[in-house]
Enquirer: 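Below you'll find the structure I mean.
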Amino acid sequence: MSMPYELIVGVLVEKFSVPPDRIAPETVLGDLDLDSLARLEFAEALRESLGTELADDEVVPSMTLAALAVLAEEKTA
């Protein structure tokens with residue numbers, strides 16, 4: 001997978017204690033039991049880790065991790 005995907009996985013595992021076996025490219029963000037505050041914190045952590053301009057409202061519960069990685073890559077490029 002892409003570098004943004006690997007960083008997303010790292011943030012989820014290290015900062016949000018999501019078990020690695022619950023993470024796959026097709027995993028929907030909403031299935032990871034992050035409440036709305038945690039999603040905002042996750043978006044902020046992604047901005048810091050990826051150096052990207054992801055808006056809070058772009059990190060939505062219905063998005064797969066693969067789609068989030070593509071969006072992050074587009075925003076970084």
Enquirer: State, yes or no, whether a side-chain contact exists between Pro61 and Leu29 at a heavy-atom distance under 4.5 Å.
Expert: no
Enquirer: Membership question, hydrophobic clusters at under 4.5 Å side-chain separation (ILVMFWY): are Val28 and Leu12 in the same one?
Expert: no
Enquirer: Nearest heavy-atom pair of Ser49 and Leu7: which atoms, and what distance?
Expert: O-CD1, 4.0 Å
Enquirer: For Thr52 and Ala72, which heavy atoms make the closest approach, and how far apart are they?
Expert: OG1-O, 3.7 Å
Enquirer: Please find the pair of heavy atoms, one from Val59 and one from Leu54, that lie closest to each other, and give the distance.
Expert: CG2-CD1, 4.4 Å
Enquirer: Tell me the closest heavy-atom pair linking Pro20 and Val13, and the distance in Å.
Expert: CG-CG2, 4.1 Å
Enquirer: Please answer whether the main-chain N or O of Glu53 pairs with a side-chain N or O of Arg47 as donor and acceptor at a distance below 3.5 Å.
Expert: no
Enquirer: Name all pairs fulfilling the ring pair (Phe, Tyr, Trp, His ring centres under 6.0 Å) condition that reach into residues 52-76, sequence neighbours left out, sorted by first residue then second.
Expert: none
Enquirer: When you group the ILVMFWY residues by side-chain heavy-atom contacts below 4.5 Å and let the links chain together, are Ile23 and Leu46 in the same group?
Expert: yes
Enquirer: Can you list every side chain to side chain donor-acceptor pair (under 3.5 Å) pair that touches residues 57-69, not counting sequence neighbours?
Expert: Glu58-Lys75
Enquirer: Restricting to non-hydrogen atoms, name the atom on Ala24 and the atom on Leu65 that form the minimum distance, rounded to 0.1 Å.
Expert: O-CD1, 3.6 Å
Enquirer: Only one of Thr27, Val11, Leu32 forms a side-chain contact (heavy atoms from CB on, under 4.5 Å) with Val18, so which one is it?
Expert: Leu32
Enquirer: Test: ring pair (Phe, Tyr, Trp, His ring centres under 6.0 Å). Region: residues 10-48. Which pairs qualify, not counting sequence neighbours?
Expert: Phe16-Phe42
Enquirer: Going through the distances and angles, do Asp33 and Arg22 end up as a side chain to side chain contact (heavy atoms under 4.5 Å, CB included)?
Expert: CA-CA 11 Å; Asp33 301 326; Arg22 292 193 59 206; 3.4 Å; yes
Enquirer: Measure across Leu50 and Pro4 and return the closest heavy-atom pair with its distance rounded to 0.1 Å.
Expert: CD2-CA, 3.8 Å
Enquirer: Please tell me whether Met3 and Leu71 are part of a single hydrophobic cluster in this structure, the criterion being side-chain heavy atoms less than 4.5 Å apart.
Expert: yes
Enquirer: Look only at the side chain of Arg39 and the backbone of Leu34, and say whether a donor-acceptor pair between them is shorter than 3.5 Å.
Expert: yes
